[in-house]
Every structure is written in structure tokens, then in C-alpha cells.
Visitor: 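Below is the structure I would like to discuss, written out as C-alpha cells.
Below, chains carry the letters A, B, ... as their sequence lines are ordered, and counting in each starts from 1.
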There are 2 protein chains.
Amino acid sequence: MSAAKNGVWPRTGLLLKIVSNGRRQISALHVAGDFLDLHSFLLKTMDHGVLALTTCRIAAVPHATLEKITNEYPHLTRMLWLNTLIDGAIHREWLTAMGRLSATAHMAHLICELYLRLKAVGRAEGETVQLPITQAELGDTLGLSTVHVNRVLQELRKEGLIRFQGDALTILDWERLTKVGEFTSTYLSLQNEDR
Amino acid sequence: MSAAKNGVWPRTGLLLKIVSNGRRQISALHVAGDFLDLHSFLLKTMDHGVLALTTCRIAAVPHATLEKITNEYPHLTRMLWLNTLIDGAIHREWLTAMGRLSATAHMAHLICELYLRLKAVGRAEGETVQLPITQAELGDTLGLSTVHVNRVLQELRKEGLIRFQGDALTILDWERLTKVGEFTSTYLSLQNEDR
DNA sequence: CGGCTCTTTGACCCGACTCAACGCTCGTGG
DNA sequence: CCACGAGCGTTGAGTCGGGTCAAAGAGCCG
């Protein structure tokens, strides 16, 4: 949605939002091309911070522009709205993963999601994506301790589901990975009914 | 946002969405007046079910009407959009509560939120609101077992923070309750910048 | 080489879950 | 009018997933 205007493309293009209340919780991960914080257009309170995981290229859209768009281009407006709705769908999915999945399943679920999202924007090479995120940050995303993140990743590796060395994440067994994470991709679908 | 057209007003007006994956996770609670599932207008996949906790009065808005609104009334469109954005803000808040708060704190947080939301639509009598929800349902909301919900509630009662008998929930010590739940109400604010 | 950040490992602990039973209340039917 | 379920709340005992604390590798950069 947001085009890059200057600067270099991010190594992988991954952003995150944080909410700090003592410990921090990452409430969203963004990949290249995502429209970031679009909700701030209408929501006056900024309830989180944003933090870049890597060098990024950013394009800013002034609120005045959005105002103009919503006044004059209904279709485009609906597309922007849809964008925020998909964020919401992802949030709901995270919520259920958080509440009802084991640490391992939750991790598998997140990996499935990130892989598909990166693939969707052409950031996958075969079964491999660059995921420049630390285990501590994964913990902050999943609501787990760093130590446990490490153990969970080892388990997924030992099971032959993924390889994850350095920033390179490789899916070794998509079938079983989705099963472990109880993952279905429907909520990510950007397809809309041409509204 | 949605006006009632016929039928009786709900005893308390509380709805919930469920997502079932083996166990179920309630991803939203709605109070009287909430616009329900507005996101289904643009999001083609319905990723959850809806379930009424009590008898409710429902007003349906056809998608065709929404289409017309978005084509002709930019301001109203932004208000509808804002509505879905607030749902998103609540989701983010739940996410951090889920990931980073203890069971007791999480419960206190939820109680604070529901109390304020019910109060905002005139459903509070003094410090008391009607909350026709079972402990099992609370568990499905918070990601806790029914048994633990019970123990957590007892703890809040013993601490003199709330009274909760039958459906009547009374806030006994708002100050301490918000502290326990690390609750701040900003994310609920419906106020917008007149866009 | 030293220092930084990140990953990994081990030992121990505790919050929350499970299983199982019991009690209370209310609605329904004999 | 009582008996019986059904649903919900409550309690106890035992277990376990994940957290905490602490320290040791492993890259990486200046």
C-alpha cells in the first residue's frame, strides 16, 4: 500500500509495534509494503510505539491526503478501510492463538503467518524467508520468556519442521507445521468482494 | 450505532464472538448499542461465530446500505470506519493483557473495561452493572480454565475490589482494581478529532 | 583482544490446568 | 408438592507447562 520513496529497501522489511506496561508486548509485525498505523488517521490516541527491526524505507501519507481520499474516492476509501480490517482479523487470530494454543503451537502458528505474508510480497526464496528478529522479540510477540522461545524453536527444529539459523527461516514441512500450529490461512486473504 | 427496531431490549445487552479450534476463544464482547461485525462488510471471510448471552434486540444494516453510505457520505463513512478501529484498539489491549498480565490482573482488566463500556451506554446503576456471563465464558474470554476463573474472582472479592453475585457486578474499589489490572481507559475513548 | 548482543543450557519454582467431587438453584414433570 | 436433572459455582489434590535465575557459548564489531 505504501510505496517507498527514498532510502534503501529494508533487508527484510519488518516492523513492530510495542506497548510497554512494565514488560512489553508486541502487538503487530509488519512486512514490506504494509500500511502502518493507518488507524491513527481516525483514532486520536496512539496506544503503542513503533520500532523498526531493520533499516527501512518509509513513505508517509499525510492525514490531509487521507481526508481528501475519503472525501472524494469511496472505492479507495474502502480499500484503506479493508486494510485496517485485515489487521483486525490478524489480531483476532493472535488472540485465540494466545489464549488457546501451547507455546509450541503458537510459535508454529506465527511462523506460518509470517512465512505466508512475506511470500505474498515476494520476500520468499523457495521455502526460505529472511526473518531478522531476535528470540527475545519473538517472546515479546508470543507472550513467552526468551528462554522458552529458545526451547520451543529447538523442538520445532528437532521435529524437522523448520530450520532457523541467523535470520534465515526455512520451512521444512509445511504440512505438519500448519497442523502443529492449527493454522489456516483464510484470515490473511486480501481478496475482497470488489467493494 | 445500531438502533433497535423491534423486540425487547436485552436484559443487559451483551454479545460475544467465538472462534472454535477445539477449545473456544471469545474474541470480543459487545454491549448494547455496539455495531456488530461491521467488518464483515469488507472482509469476505467470516472468521468467527456470534452468540447472544441474553435476549437481544437486533437491527440489521444491509451491505447495500453501507455501500451507499460509503459512496455518498464520507463523514459517516469515517465514523463507521472509526467504529471498527476502536474494536481493533480493544483487541490490541486484550492481546497485551493476555500476553503479559497474570490471570488476576487480566480479570481485573476485563472487569474495568466492561464496567466502563456498560456505563458509557447507561447500563450502570451507581457502581453496579448487570453482567450475565458465566465463569466458563469468562474463562473462554481470558484464556483461563473455569476453575481458575473461580479462584481469581474469589481473590478479587477477598481483596474487597469487587462484588459479583448472580449477574450483578459491583465495583468496590475502582482505584485499586485499575491498579491490579494495570488498566487505563484511553483505548476505549470514542472521541475523535471530528474527521 | 575485549566487549556487546544473542543463543543455549541447567536447576528450580510457581501459576494455572486437570480431574473429580460436592453443593446450590432453578425449572420441569410426575 | 416433591423429585429429579441440568447448569453453574466451589473446593481439594495432584500435575505440568512455562517462568526465573544464573552462567556459559558464539558471533560480531571496534
Side-chain angles (χ1 to χ4, degrees), chain A residues 11-12 14 16 22-26 51-55 97-111 130-159 162-169 180-182, chain B residues 11-12 14 16 22-26 51-55 97-111 130-159 162-169 180-182:
Chain A
R11 242 194 320 151
T12 292
L14 230 146
L16 55 81
R23 346 186 106 265
R24 63 180 199 166
Q25 173 68 41
I26 293 171
L51 191 147
L53 284 182
T54 58
T55 314
M98 203 124 199
R100 293 307 184 195
L101 299 186
S102 69
T104 311
H106 194 180
M107 176 68 80
H109 191 279
L110 179 64
I111 288 174
Q130 293 302 115
L131 207 58
I133 190 172
T134 67
Q135 294 186 358
E137 285 158 345
L138 280 173
D140 288 336
T141 306
L142 301 171
L144 298 175
S145 69
T146 308
V147 172
H148 205 60
V149 165
N150 185 283
R151 291 183 169 130
V152 158
L153 284 176
Q154 284 179 55
E155 194 183 331
L156 293 178
R157 280 192 283 241
K158 189 171 16 173
E159 289 294 315
I162 61 166
R163 182 164 39 217
F164 195 2
Q165 32 203 19
D167 293 346
L169 170 73
V180 168
E182 298 186 30
Chain B
R11 244 194 321 149
T12 292
L14 229 146
L16 56 81
R23 345 185 109 264
R24 62 181 199 164
Q25 173 69 41
I26 292 171
L51 192 148
L53 284 184
T54 59
T55 314
M98 203 124 199
R100 292 308 186 195
L101 299 186
S102 68
T104 310
H106 194 178
M107 175 68 81
H109 192 279
L110 179 64
I111 288 174
Q130 293 302 115
L131 207 58
I133 189 173
T134 66
Q135 294 185 358
E137 286 158 345
L138 281 173
D140 288 337
T141 307
L142 301 171
L144 298 175
S145 68
T146 308
V147 172
H148 204 61
V149 165
N150 185 284
R151 292 184 169 129
V152 158
L153 284 176
Q154 284 179 54
E155 194 183 329
L156 293 178
R157 281 193 283 244
K158 189 171 19 171
E159 288 294 315
I162 60 167
R163 181 163 39 215
F164 195 2
Q165 32 203 18
D167 293 346
L169 169 74
V180 167
E182 297 187 31

Visitor: Kindly determine whether B:Val152 and B:Leu142 satisfy side chain to side chain contact (heavy atoms under 4.5 Å, CB included), including the steps that lead there.
Guide: CA-CA 11 Å; B:Val152 158; B:Leu142 301 171; over 6 Å; no

Visitor: Summarise protein proximity over nucleotides 7-19 of chain D in one line of letters, 5' to 3': B for base, S for sugar-phosphate only, - for none, counting protein heavy atoms closer than 4.0 Å.
Guide: -SSBBBB----BS

Visitor: Output, in order, the C-alpha distance, side-chain angles, deciding distance and verdict of side chain to side chain contact (heavy atoms under 4.5 Å, CB included) for B:Asn150 and B:Glu155.
Guide: CA-CA 9 Å; B:Asn150 185 284; B:Glu155 194 183 329; over 6 Å; no

Visitor: Please examine the side chains of A:Leu144 and A:Val149, heavy atoms only from C-beta on, and report whether any two atoms are closer than 4.5 Å.
Guide: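 Side chain of A:Val149 against side chain of A:Leu144, heavy atoms only: contact under 4.5 Å found.
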
Visitor: Can you confirm whether B:Phe164 sits close enough to B:Leu131 that some side-chain heavy atom of one is under 4.5 Å from a side-chain heavy atom of the other?
Guide: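 Counting from C-beta outward, B:Phe164 and B:Leu131 do come under 4.5 Å.
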
Visitor: What do the steps show when you test A:Arg100 against A:His106 for side chain to side chain contact (heavy atoms under 4.5 Å, CB included), and what is the final call?
Guide: CA-CA 9 Å; A:Arg100 293 307 184 195; A:His106 194 180; over 6 Å; no

Visitor: Might you confirm whether atom CZ of A:Arg163 has over 12 heavy atoms from other residues, nucleotides or ligands at distances under 6.0 Å?
Guide: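 No - once you tally the heavy atoms of other residues, nucleotides and ligands closer than 6.0 Å, there are 12 at most.
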
Visitor: Between C1' on C:dC6 and CG on A:Leu138, what's the gap in Å once rounded to a whole number?
Guide: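 Result: 12 Å.
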
Visitor: Test side chain to side chain contact (heavy atoms under 4.5 Å, CB included) on B:Thr146 and B:Thr134 and set out the steps.
Guide: CA-CA 9 Å; B:Thr146 308; B:Thr134 66; over 6 Å; no

Visitor: Which whole-number value in Å describes the distance from A:Met98 CE to C:dA16 C1'?
Guide: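 The distance from CE of A:Met98 to C1' of C:dA16 comes to 15 Å, rounded to the nearest Å.
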
Visitor: Angle, rounded to 10°, between the helical axes spanning five pairs at each terminus of the helix from C:dC1-D:dG30 to C:dG30-D:dC1?
Guide: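 It works out to 30° between the end axes.
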
Visitor: With a 4.5 Å heavy-atom cut-off, do A:Met98 and A:Gln25 have their side chains touching?
Guide: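 A side-chain contact exists here, since the closest heavy-atom pair is under 4.5 Å.
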
